Amino acid sequence: MRVFVITGAGVSAESGIPTFRGKDGYWRNLDPAKLATPEAFARDPRLVWEWYGERRQRIRNAQPNAAHAAITRLAQIADEFLLVTQNVDDLHGRAGLPREKMVQIHGDIFLTKCSRCDFGFTDYDHDHEHEEEEGNVVSRCSKCDALMRPGVIWFGEQLPSNELQQIENYLDRGVCDLVIVVGTTAAFGPIVDWALRASHDGGELSEVNPEETPLSQFATRLVREPAAIALPRIVDTIVAGV
Ligand code: APR
């Protein structure tokens, strides 16, 4: 059984992490152009770090939910499995999903990287005092002295080539029996394309989302429920059928 899963902010909503475009979503009150672009960082790196500091803290205080756990379980029973997540949080990993079975296509919020060279480090446990997270100072790269930035992909930036290649390799290896797209407006880049390529030729394409998206018209199954409710049930059915 070859399985391909795509997740967006909706899968972490029930863990208390706001989505971007949903009710109370980040982009309802905040301007992405002021916080999530290279230009915004160049203009006011402290403001950008303050916001990512708040988000890091909120994620550290959150727990994976039943949807994250169900996806990990699906990965355990599938012969081949790949998750592509647009989320920069670490909840899939904390739910036990092995790193090699997932691609964080928009980066990792706990990665701090140089804005010029390839220097960088991750810090999940906040064991290093990060003054920049409090917006006090913005630290500089110990290799080239450029500003350090959050390791996420900002609007207007290229998607990371290694991660793209990992997805291409998986999709090139053949169609998937099961494709599940969870909690995304599918408005971003190649999401619909990946889902259709993975499911073309009779693969099942399920969308788990309380709302309609551009992907809905292509889905073979629409599940208009919250992910933490729907996914455990969907995986139970698959486990029972295996
Ligand atoms: N279960 C399932 N889906 C949910 C839930 C839930 N509990 N709550 C909300 N949703 C759905 C919403 O209906 C919406 O379709 O999740 C989707 C969240 O959409 P967005 O906020 O647009 O998030 P996402 O699709 O991940 O955004 C893509 O855009 O802002 C950039 O880089 C950012 O990775 C992000 C990308």
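Atoms within each ligand, like the ligands themselves, are counted from 1 in listed order. None of these values were measured; they are calculated from a predicted model.
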Counting heavy atoms only, which part of [X] comes closer than 4.0 Å to ligand 1: side chain, backbone, both or neither?
| X | answer |
| --- | --- |
| F20 | both |
| Q86 | both |
| A13 | side chain |

Report task. Could you give me the CA-CA distance, side-chain angles and deciding distance for I71 and F81, then say whether side-chain contact (heavy atoms from CB on, under 4.5 Å) is met? Result -> CA-CA 10 Å; I71 290 169; F81 177 95; 3.8 Å; yes

Of the protein's non-hydrogen atoms, which lies at the shortest distance from [atom], and what is that distance?
| atom | value |
| --- | --- |
| atom 5 (C) of ligand 1 | G10 O, 3.6 Å |
| atom 13 (O) of ligand 1 | N209 OD1, 2.8 Å |
| atom 19 (O) of ligand 1 | T185 CG2, 3.4 Å |
| atom 26 (O) of ligand 1 | A9 N, 2.8 Å |
| atom 34 (O) of ligand 1 | H106 ND1, 2.8 Å |
| atom 1 (N) of ligand 1 | A227 N, 2.9 Å |
| atom 30 (O) of ligand 1 | W27 NE1, 2.9 Å |

Ligand-residue contact atoms, ligand 1 with [X], heavy atoms, under 4.0 Å:
| X | value |
| --- | --- |
| E14 | 1 (N), 6 (C), 7 (N) |
| F155 | 30 (O), 31 (C) |
| G8 | 26 (O) |
| E211 | 13 (O) |
| T184 | 15 (O), 16 (O), 17 (C), 24 (P), 25 (O) |

Query raised in the report: What's the verdict on side-chain hydrogen bond (donor to acceptor under 3.5 Å, both in side chains) for S12 and H68, showing C-alpha distance, side-chain angles and the deciding distance?
Result: CA-CA 8 Å; S12 294; H68 297 106; 3.2 Å; yes

Query raised in the report: Passes side-chain contact (heavy atoms from CB on, under 4.5 Å), T72 versus M102? Steps please.
Result: CA-CA 10 Å; T72 300; M102 84 169 130; over 6 Å; no

**Report entry** N-O pairing of D89 and R58 below 4.0 Å
**Finding:** no

Requested in this report: Using the side-chain hydrogen bond (donor to acceptor under 3.5 Å, both in side chains) rule, pick out the option among Q217, R221, R224 that qualifies with E207.
Outcome: R224

Query raised in the report: Would one find an N or O of R21, backbone or side chain, under 3.5 Å from an N or O of ligand 1?
Result: yes

Report task. Would you check the N or O atoms of G183, main chain and side chain alike, for any that come under 3.5 Å of an N or O of ligand 1? Result -> yes

Query raised in the report: So is V182 in contact with ligand 1, going by heavy-atom distances below 4.0 Å?
Result: no

Query raised in the report: If we ignore angles and hydrogens, is there a donor and acceptor under 3.5 Å between the side chains of R60 and Q57?
Result: yes

Report summary line: Exactly one candidate in I234, V5, V3 meets side chain to side chain contact (heavy atoms under 4.5 Å, CB included) with L178; the answer is V3

Requested in this report: Measure the acute angle between the ring planes of Y170 and F4, then classify it against the limits of 30° and 60° as parallel, tilted or perpendicular.
Outcome: parallel

Query raised in the report: R56 and T112: side-chain hydrogen bond (donor to acceptor under 3.5 Å, both in side chains), yes or no, with the steps?
Result: CA-CA 11 Å; R56 282 182 170 183; T112 298; 2.8 Å; yes

Report task. Could you check Q166 against N162 for side-chain hydrogen bond (donor to acceptor under 3.5 Å, both in side chains), going step by step and ending with a plain yes or no? Result -> CA-CA 6 Å; Q166 199 182 340; N162 293 347; over 6 Å; no

Query - Worked verdict on I109 versus D90 for side-chain contact (heavy atoms from CB on, under 4.5 Å) - result: CA-CA 8 Å; I109 198 169; D90 63 346; over 6 Å; no

